[in-house]
Participant: 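Encoded as structure tokens, here's the structure I'll be asking about.
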There are 2 protein chains.
Amino acid sequence: MRKRTETDISEPLDAETGLHARPNDHRTELRLWLRLLTCANLIEAEIRKRLRERFATTLPRFDLMAQLERAPDGIMLGELSRRMMVSNGNVTGLVERLVQEGLLERQVSETDRRAVRVRLTPHGKTVFAEMAKAHGDWLGELIGAMDESAQEDLWARLGVLKASVHKASEHDGAC
Amino acid sequence: MRKRTETDISEPLDAETGLHARPNDHRTELRLWLRLLTCANLIEAEIRKRLRERFATTLPRFDLMAQLERAPDGIMLGELSRRMMVSNGNVTGLVERLVQEGLLERQVSETDRRAVRVRLTPHGKTVFAEMAKAHGDWLGELIGAMDESAQEDLWARLGVLKASVHKASEHDGAC
DNA sequence: ACAATTTGTTTTAGGTCTAAATAAATCCTG
DNA sequence: CAGGATTTATTTAGACCTAAAACAAATTGT
């Protein structure tokens with residue numbers, strides 16, 4: 001087993017020159033990631049702020065209600081947890097608070113008494129409709145300075161990024 | 001003051017036709033926002049996971065140390081809070097934990113005894129250097145399926161989005 | 001039937017975050 | 001110089017989030 005020295009660089013050889021490729025610091029990737037994060041954080045912070053100010057609610061609560069909107073028969077907590085990509089325990093707490101506020105109702109499944117089905121109450125539906133309208137308008141306001149074709153172009157390019165990340169994290173993670 | 005009716009739509013008139021523009025549900029903006037959020041969350045979740053698994057640390061701690069990396073003379077807590085865009089109290093707690101771990105050192109300013117300057121310890125510098133290297137490699141892995149020109153193009157387009165959001169949120173918020 | 005396993009949820013412990021209240025030092029202004 | 005305003009950091013209360021353990025109900029394999 002050889003001992004490492006400073007000149008013993010383990011980077012791969014460059015395919016064309018045959019010389020040691022210089023260690024890659026991934027500057028381009030870092031720059032892209034930081035800007036992506038900035039954009040997401042700017043929008044998210046603004047949405048959170050407005051949800052708090054105008055509806056006295058939070059983004060996680062809004063997201064949970066959004067999942068329930070098109071499921072009139074309700075969703076089980078586990079499924080909700082998967083769709084929202086958060087932990088089970090987290091969903092339990094969120095649902096608890098929303099039930100307290102009268103926006104959600106829980107119903108234990110008759111066929112499987114472990115399972116809890118949760119759905120919007122009529123009041124919850126009304127409230128969510130207002131919030132969803134405002135949410136759409138806010139996005140229009142925040143993103144509106146881009147014309148539609150630029151938005152669609154950006155959307156498509158983010159699709160490439162998304163595919164890249166999925167490929168890399170699945171390869172490393174699950175398999 | 002007129003009473004609102006269902007046909008009394010307050011949407012602006014279309015400039016060319018002079019007819020009522022149909023209410024905009026901002027579908028394109030919503031789609032773009034959801035994909036942006038997905039991309040950011042995928043990368044962030046993967047980075048958090050790896051920071052925890054390989055360095056037993058968290059993203060906020062890493063971000064804080066990254067801010068200190070190129071400030072050998074240290075930074076005051078308030079300035080750190082501004083740069084990280086999080087609350088003062090949050091920084092106080094993060095710094096407390098990092099000091100406990102021996103990665104940071106605090107120093108009360110001699111000229112202003114309210115102010116606390118914080119910097120990386122030598123050990124903190126060593127540890128951060130390892131983490132930063134791994135962080136860069138992870139980004140290369142996650143984003144690497146995009147070629148460099150595609151990354152730069154996406155970066156530039158996100159710049160347009162960033163400008164749009166800044167314009168809208170500053171107009172509404174501070175001024 | 002009944003033990004082992006799986007599935008769905010809740011609990012627990014710990015970290016992250018904010019807004020608001022507080023404490024301490026400094027600055028400003030009459 | 002005195003007293004109020006401002007700045008800087010900390011504390012507090014509460015929401016959010018996770019991982020891991022605990023718990024309960026249902027299913028499966030003898």
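Below, chains carry the letters A, B, ... as their sequence lines are ordered, and counting in each starts from 1.
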Participant: Taking OP1 and OP2 of C:dA19, is either one under 4.0 Å from a side-chain nitrogen or oxygen of A:Arg52?
Facilitator: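 The answer is yes; a side-chain N or O of A:Arg52 sits under 4.0 Å from OP1 or OP2.
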
Participant: Please state how far atom CG in B:Leu80 lies from atom P in D:dT7, giving the value in whole angstrom units.
Facilitator: 19 Å

Participant: If you compare every side-chain N and O of B:Ser81 against the phosphate oxygens of D:dA9 (OP1, OP2), does one of them come in below 4.0 Å?
Facilitator: no

Participant: For A:Thr58, answer base if it contacts any base atom (sugar-phosphate contacts may also be present), sugar-phosphate if it contacts only those atoms, and nothing otherwise; contact means non-hydrogen atoms under 4.0 Å.
Facilitator: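 Sugar-phosphate contact only - A:Thr58 comes under 4.0 Å of backbone atoms but never of a base.
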
Participant: Is any side-chain nitrogen or oxygen of B:Arg61 closer than 4.0 Å to OP1 or OP2 of C:dG15?
Facilitator: no

Participant: If you draw a 6.0 Å radius around CZ in B:Arg27, do more than 12 non-hydrogen atoms from other residues or ligands fall strictly inside?
Facilitator: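 Open: at most 12 neighbouring heavy atoms sit under 6.0 Å from CZ of B:Arg27.
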
Participant: Scan B:Glu46, B:Arg50, B:Lys49 and name whichever one has a side chain to side chain contact (heavy atoms under 4.5 Å, CB included) with B:Trp138.
Facilitator: B:Arg50

Participant: Once you round it to whole Å, what is the distance between P of D:dT7 and CD of B:Glu79?
Facilitator: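 In whole Å, D:dT7 P lies 15 Å from B:Glu79 CD.
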
Participant: What's the CG-P distance between A:Asn88 and D:dA22, to the nearest Å?
Facilitator: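 Atom CG in A:Asn88 sits about 17 Å away from atom P in D:dA22.
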
Participant: C:dG15 P sits how many Å from B:Gln100 CD, rounded?
Facilitator: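 Going from CD in B:Gln100 over to P in C:dG15 covers 11 Å.
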
Participant: Could you tell me whether A:Arg106 atom CZ has more than 12 heavy atoms of other residues or ligands within 6.0 Å of it?
Facilitator: yes

Participant: How many Å lie between NZ on A:Lys49 and P on C:dC17, as a whole number?
Facilitator: 19 Å

Participant: For the pair made of CZ in B:Arg106 and P in D:dA9, what is the distance, rounded to whole Å?
Facilitator: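 Taking CZ of B:Arg106 and P of D:dA9, I get 12 Å after rounding.
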
Participant: What contact category does A:Arg117 fall into here, base, sugar-phosphate, or nothing, at under 4.0 angstrom with non-hydrogen atoms?
Facilitator: nothing

Participant: Check this one for me: any side-chain N or O of A:Arg113 less than 4.0 Å away from OP1 or OP2 of D:dA26?
Facilitator: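 True: A:Arg113 side-chain N/O within range (under 4.0 Å) of D:dA26 OP1/OP2.
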
Participant: Base, sugar-phosphate, or nothing: which does A:Gly89 touch, judged by heavy atoms less than 4.0 Å apart?
Facilitator: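 The answer is base, as A:Gly89 lies within the cut-off (heavy atoms under 4.0 Å) of a base atom.
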
Participant: Look at the side chain of A:Pro60 and decide which nucleotide, out of D:dA26, D:dT18, D:dC17, has an atom nearest to it.
Facilitator: D:dC17

Participant: Once you round to the nearest 0.5 Å, how far does CZ of A:Phe128 lie from CG of A:Leu104?
Facilitator: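 The CZ atom of A:Phe128 sits 11.5 Å away from the CG atom of A:Leu104.
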
Participant: By nearest atom, which of the nucleotides C:dT16, D:dT10, D:dC17 is closest to the B:Arg97 side chain?
Facilitator: C:dT16

Participant: Let me confirm one number: the CH2-CD distance from B:Trp155 to A:Glu29, rounded to the nearest 0.5 Å.
Facilitator: 14.0 Å

Participant: NA contact type, B:Leu59, heavy-atom cut-off 4.0 Å: base, sugar-phosphate, or nothing?
Facilitator: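 Since no nucleic acid heavy atom lies under 4.0 Å of B:Leu59, the category is nothing.
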
Participant: Could you check A:Thr57 against A:Arg114 and say which one's nearest nucleotide on DNA chain D is further toward the 5' end?
Facilitator: A:Thr57

Participant: If the cut-off is 4.0 Å, is A:Thr92 near the phosphate of C:dT10, judged by side-chain N/O to OP1 or OP2?
Facilitator: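 Answer yes for this pair, as a side-chain N or O of A:Thr92 is under 4.0 Å from OP1 or OP2.
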
Participant: Any side-chain N or O of B:Arg48 less than 4.0 Å from the OP1 or OP2 oxygen of C:dT16?
Facilitator: no

Participant: B:Val165 and side chain to side chain contact (heavy atoms under 4.5 Å, CB included): which single residue from A:Leu142, A:Thr38, A:Asn41 fits?
Facilitator: A:Leu142

Participant: Select base, sugar-phosphate, or nothing to describe what B:Met85 touches, counting heavy atoms under 4.0 Å on all strands.
Facilitator: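 Sugar-phosphate, no base atom in range.
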
Participant: Take the protein atom CG of B:Asp112 and the nucleotide atom P of C:dA25, then report the distance between them rounded to whole Å.
Facilitator: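 Rounded to whole Å, this separation is 10 Å.
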
Participant: Could you tell me the separation between the CE atom of B:Met76 and the P atom of C:dA25, rounded to a whole number of Å?
Facilitator: 16 Å

Participant: Taking only the side-chain nitrogens and oxygens of A:Asn90, find out if one of them lies under 4.0 Å from OP1 or OP2 of D:dC16.
Facilitator: no

Participant: From C-beta outward on B:Leu94, which listed nucleotide comes closest to its side chain: C:dT16, C:dT9, C:dT18?
Facilitator: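 The closest nucleotide is C:dT16.
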
